[in-house]
Structure formats: C-alpha cells, structure tokens
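So the structure is just underneath, and the comments pick up after that.
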Amino acid sequence: MGKLVAAINMTLDGFCDHTAVNADDEMHDYYTELLRSAGAVLYGRVTYQLMESYWPSVVTNPTGNRSTDEFASAIQDVSKIVFSRTLKGVSWHNAKLAAKGLEQEASDLKRQLDKDVFLGSPSLIAALTELDIIDEYQLNIHPVIAGSGLPLFKGISRKIELKHIRSKTLRGLGAVIHYYERNKG
C-alpha cells in the first residue's frame, strides 16, 4: 500500500504560483525521480491544464536540456487522474478523469497501488488536508516572497499537527523541501 503524498512548490509566504518560483536542473531532477517512483499523480483541472499545455510538446520536441527533457518524459509516463466538474475528457497520455469523488478515489488508489500517490494541485491538497487523510507533505519552499496569490492551505478549518521528518536543500535555487507526516498522536 502506498502513501498519499502532497508534493508542491510554494513561496516562503505560502503561495502556490508557478510564475513566482524558478526551476533549474536540480529541481527538475528531483521531481523526475519523484514521478518515476509514483503510482499516480492527482490533479485538479487548473493544474492539469497548465501542465498539459506545455509538457507534451517537450516530449515531442525536446529542448536539449537533459533535466527538462527527462522531466517531460517522466510526467508523460506517470498515470494522471484529473478531478474536474467541467472537463468532459482529457487527451494527455496516461491521463483520465476521476471516476469517483476525491476522497474515495484517493483512498482507493492508496490501497490498490504499491507506489505512492502524489497530489500536485493546491485545491486537492487543501481538500484532502481538511479530510486529514494525507500521509506525507513534501513542501518545496522557494526563497521568494510573492506577496499575493493562491494560498496552499486555503479553507482549512481546524488545526492539523504534523511531524517533521527531514529537510533537503536544493542548492542551486536555495529552495528547501520540508518533509512532514501526519502526527498520529
């Protein structure tokens, strides 16, 4: 049985905005390995459409940068499950619309897969945090203060205690990935 893992980039002030943070080879390499170890990645519509609008073209027309091109292949190959009330279909390789509600789909995948299930959208992370079923958080905090944007934990109505497991510094960007697990008491 895999774990349900929230893995996301964010600014120092807690916002998720891909335009506010940078990516370098080290960060692409980190996420490539994460994707290669994943049983599935869950996306909300907005994040899915953002990723789908760029990465398949890199697979078709590689950039020549090893890290970027390997990330494109890894994200292409991983199973992607998309939660949307408006999309009628998805066309990206290995992507499908969720057949069940978020809590049921995430719980079923976690039980069925031997590999971890990663959450790649702020809205899904917030919803499943509120349900208190995420096993691990991997928060990649960039040394950027955005000042505004989409807060990662928007709408959380109660205190949820976590236990720090470890941290990893991405030296090139100065970003620090903090790993937390649910504090089970």
Side-chain angles (χ1 to χ4, degrees), residues 1-18 20-23 26-44 46-48 50-51 75 78-83 98 100-185:
M1 180 162 92
K3 295 182 292 189
L4 191 57
V5 179
I8 198 157
N9 292 300
M10 61 191 292
T11 62
L12 187 61
D13 52 348
F15 295 111
C16 297
D17 179 350
H18 76 284
V21 299
N22 296 312
E26 185 181 18
M27 191 170 93
H28 279 127
D29 290 343
Y30 173 79
Y31 282 109
T32 296
E33 290 308 310
L34 207 68
L35 290 168
R36 287 179 177 158
S37 71
V41 177
L42 308 185
Y43 286 121
V46 172
T47 305
Y48 169 78
L50 174 73
M51 303 298 267
I75 200 165
V78 72
S79 175
K80 295 167 282 294
I81 299 164
V82 183
F83 292 85
K100 305 171 198 158
L102 178 59
E103 182 176 14
Q104 186 66 53
E105 189 86 48
S107 295
D108 288 353
L109 283 168
K110 190 171 121 171
R111 269 193 310 277
Q112 294 166 1
L113 299 175
D114 290 333
K115 295 181 175 185
D116 293 342
V117 176
F118 288 91
L119 306 169
S121 294
S123 62
L124 300 185
I125 292 171
L128 291 169
T129 295
E130 182 67 17
L131 294 169
D132 199 20
I133 62 172
I134 296 175
D135 298 300
E136 184 176 310
Y137 293 83
Q138 295 180 14
L139 306 178
N140 189 359
I141 301 174
H142 292 252
V144 173
I145 297 172
S148 65
L150 176 65
L152 177 57
F153 296 109
K154 182 179 181 179
I156 303 302
S157 65
R158 61 195 167 84
K159 179 179 173 179
I160 297 174
E161 294 194 20
L162 303 174
K163 177 183 175 190
H164 183 260
I165 304 169
R166 69 183 188 280
S167 296
K168 174 185 175 68
T169 300
L170 300 179
R171 292 185 185 1
L173 295 172
V176 179
I177 305 166
H178 295 286
Y179 298 80
Y180 299 94
E181 64 184 17
R182 283 193 342 217
N183 191 355
K184 299 175 174 108

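Values below: every heavy atom of this structure, side chains too, minus hydrogens, waters and symmetry copies.
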* Can you check whether I145's main-chain N or O pairs, donor with acceptor, with D13's side chain at less than 3.5 Å? -> no
* Side-chain donor-acceptor pair under 3.5 Å between N9 and H142, yes or no? -> yes
* Structure fact -> Output for pair (L152 CG, D17 CG), nearest 0.5 Å, gives 12.5 Å
* Structure fact -> Scanning both residues in full, the closest heavy-atom pair of P151 with F15 reads N-CD2, 3.6 Å
* Residue pair P122 / T47, side-chain heavy-atom distance below 4.5 Å -> yes
* To do: Measure from the side-chain N and O atoms of K80 to the backbone N and O of I75, and report whether any donor-acceptor pair falls under 3.5 Å.
  => yes
* For the residue pair F153 and I125, establish whether any side-chain heavy-atom pair is separated by less than 4.5 Å. => yes
* To do: Might you work through the side chain to side chain contact (heavy atoms under 4.5 Å, CB included) test for T129 and Y137, ending with a clear yes or no?
  => CA-CA 10 Å; T129 295; Y137 293 83; 2.8 Å; yes
* Measure the spacing between CG of L35 and OG of S79 and express it to the nearest 0.5 Å. => 11.5 Å
* Asked: If every non-hydrogen atom of C16 is compared with every non-hydrogen atom of I8, which pair is closest and at what distance?
  -> SG-CD1, 3.9 Å
* To do: Of all the heavy-atom pairs spanning E103 and I133, show the shortest one and how long it is.
  => CG-CD1, 4.1 Å
* Asked: Would you say R171 has more than 12 foreign heavy atoms packed within less than 6.0 Å of its CZ?
  -> no
* **Residue pair L173 / A23: nearest heavy atoms and the distance that separates them** => CD1-CA, 4.2 Å
* Quick one: do L124 and L102 satisfy side chain to side chain contact (heavy atoms under 4.5 Å, CB included)? Show the steps, please. => CA-CA 8 Å; L124 300 185; L102 178 59; 3.9 Å; yes
* To do: Please round to the nearest 0.5 Å and tell me the distance separating atom CD1 of I156 and atom NZ of K154.
  => 11.5 Å
* To do: Give, for atom CG of L4 and atom NZ of K110, the distance between the pair rounded to the nearest 0.5 Å.
  => 6.0 Å
* **Test item: Y30 and E26 side chains (from C-beta on) under 4.5 Å apart, heavy atoms** => no
* Asked: Within a strict 4.5 Å, meaning less than it, do heavy atoms of the E130 and S157 side chains meet?
  -> yes
* To do: Evaluate whether atom CG of L12 has more than 12 neighbouring non-hydrogen atoms of other residues, nucleotides or ligands under 6.0 angstrom away.
  => yes
* Test item: V46 and S121 side chains (from C-beta on) under 4.5 Å apart, heavy atoms -> no
* Structure fact -> To the nearest 0.5 Å, atom NE2 of H18 lies from atom CG of L150 at 12.5 Å
* To do: Show your working on side chain to side chain contact (heavy atoms under 4.5 Å, CB included) between T32 and R36 and close with a plain yes or no.
  => CA-CA 6 Å; T32 296; R36 287 179 177 158; 3.5 Å; yes
* Asked: What do the steps show when you test Y31 against N140 for side chain to side chain contact (heavy atoms under 4.5 Å, CB included), and what is the final call?
  -> CA-CA 11 Å; Y31 282 109; N140 189 359; 3.3 Å; yes
* Are any non-hydrogen side-chain atoms of D116 and E136 less than 4.5 angstrom apart? -> no
* Is the side chain of E105 donor-acceptor paired with the backbone N or O of K100 at a distance under 3.5 Å, no angle test? -> yes
* **Nearest-0.5 Å distance that lies between atom CG in L109 and atom CD1 in I81** => 4.0 Å
* Closest contact, heavy atoms only, A38 versus V78 -> CB-CG2, 3.9 Å
* Asked: With a 4.5 Å heavy-atom cut-off, do L34 and V5 have their side chains touching?
  -> no
* Asked: Taking C-beta and beyond as the side chain, do D132 and R182 meet within less than 4.5 Å on heavy atoms?
  -> yes
* Do you know the tightest heavy-atom contact between F118 and Q138? -> CE2-NE2, 4.3 Å
* What is the ring orientation for Y43 with Y48, classed by angle as parallel under 30°, tilted 30 to 60°, or perpendicular over 60°? -> tilted
